[in-house]
Amino acid sequence: DDVVAPVAVVSLYVRLGGRVPSDSLVTGAADDELARAEVPPCDVDATDIERLRTNVAGQGEAKPTYTAILAKAISIALREHPYANRMTVRWPFFYRLVQFHAVHASVAVEREIPGSEMISFVGTIENSDQKSLGDIGAELRCLASATPDSSPRWRLFHHLVSRLPVWLSSSIINMPR
């Protein structure tokens, strides 16, 4: 956590466009503000990340992936800044901010389905702020090799994509849990 925490602060700072509009986070205006904001390109010094990966591998554990490190870093940032752990639900004539009390990391996973092009689905690592990099990496590997029998979320996603019209499956997939 000592090496990952600084990365979390930087990633949250960049995600918020280089500033933390705390007053607009309370009102929900931050979502609109972020949608319009242009975040300038920036360089990130990944020396500490590479050092962390090398140190973990040197201890005989699996080298953590960049995705695992980023998921852990963002999870720590959300735990330390709970006001940022929310999402906006928008439907016609309906707008609501949903505040999350647990920290879960959702990551895109690419899969190849026979007879289809490469598709992506989102897998969720629950309580990611409380898990080690090794645990997060193991869950990422499970998501990457998920089958309909091993993952209820993959089974639902595959069912929606293969049996429903695109407009309907997209609407269902984009609904919050």
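Using a 4.5 Å heavy-atom threshold, the side chains of Ile125 and Ile136 count as touching. At least one side-chain heavy atom of Phe94 sits under 4.5 Å from a side-chain heavy atom of Val89. Taking 4.5 Å as the limit, some side-chain heavy atom of Val107 sits within range of a side-chain heavy atom of Leu140. The side-chain heavy atoms of Leu52 and Glu50, taken from C-beta on, include no pair separated by under 4.5 Å. Between Arg86 and Val98 the shortest side-chain heavy-atom distance does not fall below 4.5 Å.
Atom OG in Ser128 sits 11.0 Å away from atom CG in Leu133 (nearest 0.5 Å). With rounding to the nearest 0.5 angstrom, the OG atom of Ser75 is 11.0 Å from the CD atom of Glu80. Taking CZ from Arg96 and CD from Gln99, the interatomic distance works out to 11.0 Å, rounded to the nearest 0.5 Å. Atom CD1 in Ile74 sits 12.0 Å away from atom CD1 in Ile69 (nearest 0.5 Å).
When all heavy atoms of Ala102 and Asn85 are compared, the pair lying nearest together is O-ND2, 3.1 Å. Shown here for Leu143 and Val109, the closest heavy-atom pair between the two residues is O-CG1, 3.7 Å.
At distances below 3.5 Å, not a single donor-acceptor pair connects side-chain atoms of Arg53 with backbone N or O atoms of Lys63.
Evaluated for a side chain to side chain contact (heavy atoms under 4.5 Å, CB included) with Asp129, the options Arg79, His104, Lys72 yield exactly one hit, Arg79.
For residues 132-148, the salt bridge (Lys or Arg N to Asp or Glu O under 4.0 Å) pairs, not counting sequence neighbours, are Lys131-Glu139.
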